[in-house]
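Scope of the values below: all heavy atoms of this structure, side chains included, with no hydrogens, waters or symmetry mates. We name chains A, B, ... by the order of the sequence lines, and we start the count at 1 in each one. Quantities reported herein were computed from a predicted structural model and do not represent experimental measurements.
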Number of protein chains: 2
Amino acid sequence: MDKGNIHHHHTGKSHKSCVSLVPMFNHLEDEQLDEIMGATQSVSYKKNELIYHAGDESDSLYIINKGKVRIYRLAESGKEQLVRILNPGDFTGEMALFSESTHESYAEAMVNTKICLIKRSDLQEFLVKYPSVSLKVIAEFSNRLEASEKQTTRFSTEKVETRIALYLAESLDQEGTGTIEFTLSMSKKDLASYLGTTPETISRKFNDLEERGYIKQITHKRIKIVDLDGLLLV
Amino acid sequence: MDKGNIHHHHTGKSHKSCVSLVPMFNHLEDEQLDEIMGATQSVSYKKNELIYHAGDESDSLYIINKGKVRIYRLAESGKEQLVRILNPGDFTGEMALFSESTHESYAEAMVNTKICLIKRSDLQEFLVKYPSVSLKVIAEFSNRLEASEKQTTRFSTEKVETRIALYLAESLDQEGTGTIEFTLSMSKKDLASYLGTTPETISRKFNDLEERGYIKQITHKRIKIVDLDGLLLV
DNA sequence: CGGGACATTGAAATTACTCAACTAAGGTGG
DNA sequence: CCACCTTAGTTGAGTAATTTCAATGTCCCG
């Protein structure tokens with residue numbers, strides 16, 4: 001439906017930050033960066049706008065320049081699952097770019113968001129011209145695949161409580177070592193969707209973990225890890 | 001532990017079939033195929049031998065030439081999850097090749113199996129030299145990622161019964177249109193592991209589906225789909 | 001300050017797992 | 001080629017985990 005076309009800025013030439021941020025390109029020389037930037041288009045989306053949705057046919061790579069994007073899928077049952085949240089420098093759309101011709105997931109701007117677009121044909125040209133970029137792309141895919149398979153295994157073999165504990169522990173290391181307190185990067189509703197459970201269960205399990213002395217809920221979104229080792233043995 | 005080194009054949013120069021089977025390479029000219037084949041080593045594994053296991057550091061891509069290989073993961077809880085089964089032409093080991101330096105999963109020969117190995121350095125050289133191969137690799141990753149994310153979503157949002165129904169339906173279309181009967185490609189024990197449930201539940205759900213008239217169990221491994229539409233509405 | 005979404009809580013219901021006992025099948029060596 | 005042994009599969013009963021539904025509380029943003 002509304003795909004944001006109304007409020008797009010087309011600058012033709014976009015900010016360098018768009019491209020130079022991305023691991024995929026950040027090893028390139030200035031000259032090569034300029035070349036990509038020339039093929040890049042900048043588009044803005046308002047909070048809650050859909051960037052693409054399942055069934056759309058895709059012909060571009062989307063790089064987040066500013067803002068936050070939520071990637072989710074709908075199951076056969078109609079339930080929604082949050083797949084990941086993209087921050088500046090992250091990209092999406094690759095699926096449809098390289099294999100399937102239509103998107104299987106939904107991308108939604110969580111806040112006002114600026115995105116850089118690269119057309120499939122331009123990108124492929126680039127990949128053939130600079131093979132080192134392909135290697136980066138492969139590495140990125142490899143990491144995502146690894147993460148996705150790990151997630152699948154967790155869903156199929158761990159109970160909700162364990163999945164939550166592992167999630168909290170991993171959130172903690174992302175904050176840097178020594179940190180013991182952090183802010184959840186998403187609402188508990190989204191967290192429930194991400195971890196394959198319900199908000200009610202999240203709420204109850206957080207309470208359990210607090211009662212058992214593993215964590216402390218400072219506020220709804222602020223969590224303190226009191227006993228990391230204990231948490232990991234849950 | 002036993003990684004098969006005792007019974008390996010090293011032919012130095014392996015069968016063309018090894019390489020030409022793989023989608024990744026099958027578009028290449030004979031001359032280029034020869035070049036890859038030169039960098040390829042053939043290794044054999046006996047039934048039940050481990051080809052690699054989590055924690056091994058990897059430096060090769062494994063292409064199945066003959067046989068069948070089971071890729072599985074162990075969860076933090078110690079439970080095993082079957083990730084996929086590889087047949088001739090499929091490959092694995094790419095994870096450790098491009099990003100992580102150690103395997104996160106286990107690969108086990110299900111029957112006597114012949115594998116072609118390509119060393120990381122040779123492969124990377126090749127990818128840089130023939131960019132079209134990279135594009136194929138990217139496409140392959142993209143497909144796998146898509147499949148893995150779909151699986152994750154199913155685990156997190158569908159009940160076991162639905163996952164089984166979807167699995168059966170998909171097994172059916174792989175057999176070709178018009179087919180109505182097929183043989184399960186793995187044991188029900190493995191199927192349970194693959195679908196994130198237990199053999200007991202598989203057994204019971206199969207019975208349910210049969211009682212409700214959606215399928216018929218000809219033998220333990222032979223399944224007839226009686227009412228595909230009904231099955232998909234489960 | 002009010003409204004709407006998010007979050008929490010309780011109670012009931014569902015779903016799947018575990019454990020244990022039993023049966024069936026398949027492959028191996030005699 | 002058959003008997004045997006091992007592994008796979010089934011069935012039942014009890015239990016654990018999580019979801020669902022409904023009611024209520026709370027936060028935050030405009």
Side-chain angles (χ1 to χ4, degrees), chain A residues 46-48 68 70 75 77-82 108 110-112 154-165 167 183-212 215-223 234, chain B residues 46-48 68 70 75 77-82 85 108-112 154-165 167 183-212 215-223 234:
Chain A
K46 283 240 167 66
K47 181 173 174 175
N48 294 328
K68 219 171 195 186
R70 190 166 149 25
S77 63
K79 277 191 209 155
E80 170 181 322
Q81 198 230 343
L82 178 59
E108 179 191 310
M110 298 173 73
V111 297
N112 291 345
R154 280 188 189 169
F155 279 137
S156 71
T157 57
E158 309 286 13
K159 20 184 217 188
V160 171
E161 191 173 63
T162 310
R163 304 206 297 264
I164 292 175
Y167 176 83
T183 302
L184 292 175
S185 65
M186 56 182 112
S187 68
K188 286 188 182 168
K189 190 180 177 244
D190 278 347
L191 186 57
S193 170
Y194 182 69
L195 294 179
T197 181
T198 60
E200 292 95 328
T201 299
I202 290 278
S203 197
R204 288 187 246 269
K205 294 299 179 185
F206 269 63
N207 286 345
D208 282 0
L209 293 173
E210 179 159 23
E211 273 170 26
R212 287 193 271 154
I215 68 172
K216 183 145 179 27
Q217 304 181 66
I218 315 287
T219 69
H220 280 170
K221 293 209 130 163
R222 189 96 190 140
I223 305 293
V234 156
Chain B
K46 283 240 168 66
K47 180 173 173 174
N48 296 326
K68 218 167 194 188
R70 191 167 151 21
S77 63
K79 276 189 209 158
E80 171 181 322
Q81 199 229 344
L82 178 59
I85 289 181
E108 179 191 310
M110 298 172 74
V111 297
N112 292 345
R154 280 190 190 167
F155 278 136
S156 71
T157 56
E158 310 287 12
K159 23 183 214 188
V160 171
E161 192 174 61
T162 311
R163 304 206 297 265
I164 293 174
Y167 175 82
T183 302
L184 292 174
S185 65
M186 56 182 110
S187 69
K188 286 189 181 167
K189 188 178 178 241
D190 279 347
L191 185 58
S193 170
Y194 182 70
L195 295 179
T197 182
T198 59
E200 292 95 328
T201 298
I202 290 278
S203 197
R204 287 187 247 269
K205 294 300 180 187
F206 269 63
N207 285 344
D208 282 1
L209 293 174
E210 180 159 21
E211 274 169 26
R212 287 193 270 154
I215 66 171
K216 181 144 181 26
Q217 306 181 64
I218 315 286
T219 69
H220 280 169
K221 294 210 130 163
R222 190 95 191 143
I223 306 292
V234 156

Less than 4.0 Å between a side-chain N and a carboxylate O, is that true for A/Glu108 and A/Arg70? yes
How would you give the extent of chain B contacts on DNA chain C, as first and last nucleotide 5' to 3' within a 4.0 Å heavy-atom cut-off? C/dT15 to C/dA25
Would you indicate whether B/Lys188, at its atom NZ, is surrounded by more than 12 heavy atoms from other residues, nucleotides or ligands within a distance under 6.0 Å? yes
Kindly state each residue pair satisfying salt bridge (Lys or Arg N to Asp or Glu O under 4.0 Å) with at least one member in residues 191-205 of chain B, sequence neighbours excluded. none
Mind calculating the distance between [atom1] ([X]) and [atom2] ([N]) to the nearest angstrom?
| X | N | atom1 | atom2 | value |
| --- | --- | --- | --- | --- |
| B/Lys79 | D/dA17 | NZ | P | 11 Å |
| A/Arg222 | D/dC28 | CZ | C1' | 18 Å |
| A/Glu158 | D/dT18 | CD | P | 11 Å |

Between [X] (side chain only) and [Y] (backbone N and O only), is there a donor and an acceptor less than 3.5 Å apart?
| X | Y | result |
| --- | --- | --- |
| B/Arg154 | B/Lys159 | no |
| A/Ser193 | A/Leu82 | yes |
| B/Arg222 | B/Leu184 | no |

Can a side-chain donor-acceptor contact be found between A/Ser77 and B/Glu158 if the only test is distance below 3.5 angstrom? yes
Is any N or O donor-acceptor pair between the side chain of A/Arg204 and the base of D/dT20 shorter than 3.5 Å? yes
Please examine the side chains of B/Met110 and B/Lys47, heavy atoms only from C-beta on, and report whether any two atoms are closer than 4.5 Å. no
Using the 3.5 Å cut-off, write out each protein N or O paired with an N or O of nucleotides 6-10 of chain D and the distance between them.
from	atom 1	to	atom 2	distance (Å)
D/dG9	OP1	B/Lys188	N	2.9
D/dG9	OP2	B/Lys188	N	3.3
D/dG9	OP2	B/Lys189	N	2.7
D/dT10	OP1	B/Lys188	NZ	3.1
D/dT10	OP2	B/Ser203	OG	3.0
D/dT10	O5'	B/Ser203	OG	2.9

Residue met sooner reading DNA chain D from 5', once A/Lys47 and A/Thr197 are mapped to nucleotides: A/Thr197
